[in-house]
Amino acid sequence: MTFWHMQLHPGGEEADYPPERIKAILKKHHVIGFDIWREIAGEKADKPFSEWTDEDIERAIENSKKRGVKKGTFGIIKQFRDEMKVGDIVLIRQGGTPIGLVKVSSDYFMSKDTDEEGQPWFRHRRKIEILSFFDEDKENLNLSFDKLPVTQGTLQSLKNPERQTYKYLEEWLTKLSEVKRKEEMKRQKENIKKLLKLFGQVILQGAPGTGKTFLAKKVAEELVCCDWILNKVDELWDEFVDAVNNEILETVAEGSPFEVKKNNNGNLNIYINGEKKSASVTKDGIKRVLEKSFCNPEDYSPTVEDSTYAPGVAKTFINWLKKRFKEKEEIKMEFRKRIRENIKLVQFHPSYSYEDFVRGISLKSEDGTLVFEANDRIFAELCEKAEEEKEEVFVLIIDEINRANLPAVLGELIYALEYRGKEVETPYEVKKKNGSDNKKIRKLKIPRNLYIIGTMNTADKSIGHIDYAIRRRFVFIDVKPDKNAISHPKARELYEKFIEELFREENLSFDFRSAVDDVKVGHSYFIAKENEIKELKDLEGLDDKSAEAEVLALKFVYQVIPLLKEYEQDGILIKGKLEEAVKKVFKIESLDILNEDVVKKYLF
């Protein structure tokens with residue numbers, strides 16, 4: 001992937017067009033391009049560049065110089081026709097004004113549809129995918145620049161990372177990827193939470209490195225923390241209504257500020273310019289908005305639904321709540337407590353049993369005598385706690401759920417998963433305190449406020465298969481590789497050119513060609529975490545950029561490549577395809593000489 005910056009202006013001696021017209025052309029036709037001074041081009045003026053020889057180009061440049069023009073657009077023909085590639089990123093500008101960021105999606109072609117109303121004025125084109133418009137996204141992306149350094153020329157490649165324009169383009173692309181990833185993550189989380197509330201248990205399934213466990217933890221944290229805030233809405237609604245009565249609030253979407261006034265029902269009526277609107281904001285309406293948007297006061301991003309007023313009031317409630325608890329930092333403390341106590345994680349493995357998971361026998365000493373006693377394990381303990389605290393949400397994450405013999409581990413819980421709140425008999429009686437007496441209990445039930453999230457590696461076909469009875473009790477959600485999660489531009493390019501090219505159907509064994517996403521290596525191997533970068537900075541004394549490249553290179557060489565070698569041994573990848581991909585991307589003679597220095601060179 002190469003970075004470019006380009007100005008779209010007419011051929012010949014015409015004046016440049018304003019940014020608004022350029023943006024309209026990009027938006028409507030999804031093409032970039034340029035044109036030439038026809039009088040100078042002569043007989044080649046109406047021919048596509050594919051029919052131009054090097055001699056034709058040189059002749060046109062010489063004619064330009066005779067007319068007092070250095071090269072005109074003839075000097076960029078080869079760059080636009082031959083050097084620019086599908087997947088390259090182009091910053092469209094007009095002088096120092098940034099207009100848009102686009103991705104090249106086709107080879108060069110010539111079109112004759114020009115000079116009509118609404119049509120591009122240039123005939124020599126490439127199709128593009130629009131990534132971002134500067135005027136629309138600058139604030140949302142928090143870009144650090146307003147103008148670009150002014151340079152001469154219609155088209156230039158950006159290969160020097162130290163150039164200011166390169167840095168601006170990289171910043172724009174990186175921040176855009178981060179925003180897109182957050183939006184996709186938010187959509188994923190909302191979908192998982194909805195399915196959990198409907199069905200009680202889900203399994204996130206995907207290839208290695210797709211972030212299944214990370215996603216499960218984030219969903220669990222949002223569920224238990226948001227539950228606390230929803231309880232606070234119930235508890236503090238009247239106090240909040242009194243606090244904001246007659247206040248002017250801001251809408252979340254575009255629109256006028258609005259005034260809220262307490263009504264006789266204890267809710268908030270909406271007024272704009274003194275006129276009462278038919279809509280009012282209720283406690284339940286606020287709770288619905290907060291459930292849709294993760295109600296973490298540190299990172300609140302509301303979702304606008306039917307009314308633009310409820311999200312505005314919800315955001316005000318969050319800000320009011322932050323101020324109310326600011327001194328004691330009670331919100332943060334409560335969140336940490338909820339995450340610690342209400343979320344449990346267990347990892348299944350082939351020797352994991354019912355006695356490890358639900359209830360089992362323990363050996364203990366009583367008055368010097370060894371006795372056997374039945375005890376609750378992690379699942380029964382969490383069920384009991386959720387039953388006692390019905391107003392709270394609890395989450396159990398089962399990592400690698402298909403690595404255990406599920407029918408044996410779950411036993412009678414297969415029934416209890418479907419019939420939440422109904423008791424089932426277990427093989428073990430456990431002692432429970434009942435006032436001052438001990439009571440033996442054999443029954444167990446799964447409360448509705450306990451959610452279960454399993455994760456499953458779809459690439460490992462050697463481990464336990466999930467039978468239909470268990471499969472029917474869970475909802476299965478695909479977690480696919482997502483290159484938009486990779487913020488480092490060169491790491492994302494490496495993912496596209498190496499992983500996506502390697503995992504084409506023709507490179508896979510026949511059994512895996514219909515399920516490429518089940519085995520395609522995920523994006524998390526191409527992301528350097530903050531703690532990893534910090535650790536390497538401390539160890540090696542590197543700057544941020546060098547440390548990030550080092551982490552990515554080490555992950556690629558010592559995690560990605562060994563995994564792909566196993567794929568070859570297991571018959572997922574066809575023998576020899578890995579070596580071919582390494583040679584092609586890194587321009588080296590053999591897989592054996594691939595090391596972190598080779599990868600770092602690529603990333604820089």
Side-chain angles (χ1 to χ4, degrees), residues 1 3 87-92 98-103 129-146 148 158 161 164-192 206 209-219 221-222 252 293-294 296-304 479-496 499-500 521-534 536-537 543-552 555-556 603-604:
M1 176 178 65
F3 290 165
D88 284 357
I89 304 297
V90 187
L91 192 164
I92 305 299
I99 298 172
L101 203 61
V102 303
K103 180 190 275 191
E129 171 194 346
I130 296 169
L131 302 179
S132 173
F133 284 117
F134 187 81
D135 61 346
E136 295 177 9
D137 296 335
K138 181 186 183 300
E139 285 190 22
N140 185 38
L141 297 178
N142 193 27
L143 296 175
S144 65
F145 59 94
D146 292 303
L148 301 169
L158 292 166
Q164 196 61 54
T165 305
Y166 185 105
K167 290 178 180 178
Y168 286 157
L169 194 158
E170 188 174 49
E171 177 195 344
W172 193 349
L173 188 62
T174 299
K175 288 184 174 179
L176 184 65
S177 295
E178 288 170 356
V179 166
K180 283 186 176 180
R181 176 56 183 161
K182 282 181 181 177
E183 289 171 354
E184 174 59 21
M185 176 74 81
K186 184 175 179 179
R187 187 199 63 76
Q188 272 187 316
K189 289 186 293 188
E190 286 179 4
N191 186 48
I192 294 167
T210 50
K212 300 177 292 294
T213 306
F214 174 82
L215 182 58
K217 288 179 179 178
K218 287 296 179 188
V219 169
E221 288 173 8
E222 292 192 11
V252 171
S293 308
F294 176 38
N296 176 352
E298 299 303 311
D299 182 25
Y300 175 76
S301 56
T303 301
V304 180
V479 182
K480 297 182 179 181
D482 179 14
K483 66 184 177 187
N484 287 323
I486 306 169
S487 58
H488 190 288
K490 293 296 286 184
R492 185 166 58 253
E493 178 190 317
L494 180 57
Y495 187 87
E496 290 172 344
I499 296 298
E500 292 192 338
V521 172
H523 49 269
S524 65
Y525 291 112
F526 294 79
I527 298 171
K529 298 174 185 173
E530 285 184 17
N531 64 307
E532 294 168 339
I533 295 171
K534 183 180 183 304
L536 207 56
K537 281 174 64 179
D543 59 39
D544 284 345
K545 194 168 185 178
S546 300
E548 183 179 18
E550 181 86 19
V551 169
L552 292 168
K555 282 188 169 187
F556 188 84
L603 294 172
F604 271 116

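Just so it is clear, the model here is predicted, and its values are computed rather than measured.
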Hey, what do you get for [atom1] ([X]) to [atom2] ([Y]), rounding to the nearest 0.5 Å?
| X | Y | atom1 | atom2 | result |
| --- | --- | --- | --- | --- |
| Leu552 | Ile533 | CG | CD1 | 7.5 Å |
| Glu222 | Lys189 | CD | NZ | 3.5 Å |
| Asp543 | Glu548 | CG | CD | 10.5 Å |
| Thr174 | Lys167 | OG1 | NZ | 13.5 Å |
| Ser487 | Glu170 | OG | CD | 10.0 Å |
| Lys218 | Thr213 | NZ | OG1 | 13.5 Å |

Smallest separation among heavy atoms of [X] and [Y], with atom names:
| X | Y | value |
| --- | --- | --- |
| Leu131 | Leu173 | CD1-CD1, 4.1 Å |
| Ala528 | Val551 | CB-CG1, 3.7 Å |
| Phe214 | Met185 | CE2-CE, 3.5 Å |
| Ala547 | Leu536 | O-CD2, 3.6 Å |
| His488 | Leu603 | CE1-O, 3.9 Å |
| Trp172 | Ser132 | NE1-OG, 3.0 Å |

Requested in this report: Determine the sole option in Lys483, Lys182, Arg492 for which the side-chain hydrogen bond (donor to acceptor under 3.5 Å, both in side chains) test with Ser177 is passed.
Outcome: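 Result: among Lys483, Lys182, Arg492, Arg492 is the only option passing the side-chain hydrogen bond (donor to acceptor under 3.5 Å, both in side chains) with Ser177.
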Does [X] pair with [Y] as a salt bridge, N-O distance under 4.0 Å?
| X | Y | value |
| --- | --- | --- |
| Lys490 | Glu493 | yes |
| Glu171 | Lys175 | yes |
| Arg187 | Glu184 | yes |

Query - Steps toward side chain to side chain contact (heavy atoms under 4.5 Å, CB included) verdict (Thr210, Leu215) - result: CA-CA 9 Å; Thr210 50; Leu215 182 58; over 6 Å; no
**Report entry** Geometric class of the Phe145/Tyr168 ring pair [parallel <30°, tilted 30-60°, perpendicular >60°]
**Finding:**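 Ring orientation of Tyr168 relative to Phe145: parallel.
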Requested in this report: Assess whether atom NZ of Lys480 is packed by more than 12 heavy atoms of other residues, nucleotides or ligands within 6.0 Å.
Outcome: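 Check fails, neighbour count at 12 or below.
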Query raised in the report: Quick check: are there more than 12 heavy atoms from other residues, nucleotides or ligands sitting under 6.0 Å from CD of Glu530?
Result: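 Open: at most 12 neighbouring heavy atoms sit under 6.0 Å from CD of Glu530.
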[Y] side chain reached by [X] side chain, heavy atoms, under 4.5 Å:
| X | Y | result |
| --- | --- | --- |
| Glu500 | Tyr495 | yes |
| Pro98 | Lys138 | no |
| Ile499 | Phe526 | yes |

Query raised in the report: Stepwise, does the side chain to side chain contact (heavy atoms under 4.5 Å, CB included) test hold for Arg181 with His523?
Result: CA-CA 12 Å; Arg181 176 56 183 161; His523 49 269; 3.8 Å; yes
Report task. Report the C-alpha separation of Glu178 and Leu141 in whole Å, then their side-chain angles, then the decisive distance to 0.1 Å, and conclude whether the side chain to side chain contact (heavy atoms under 4.5 Å, CB included) test is met. Result -> CA-CA 9 Å; Glu178 288 170 356; Leu141 297 178; over 6 Å; no
Report task. May I have the step-by-step check of side chain to side chain contact (heavy atoms under 4.5 Å, CB included) for Phe3 and Leu91, ending in yes or no? Result -> CA-CA 8 Å; Phe3 290 165; Leu91 192 164; over 6 Å; no
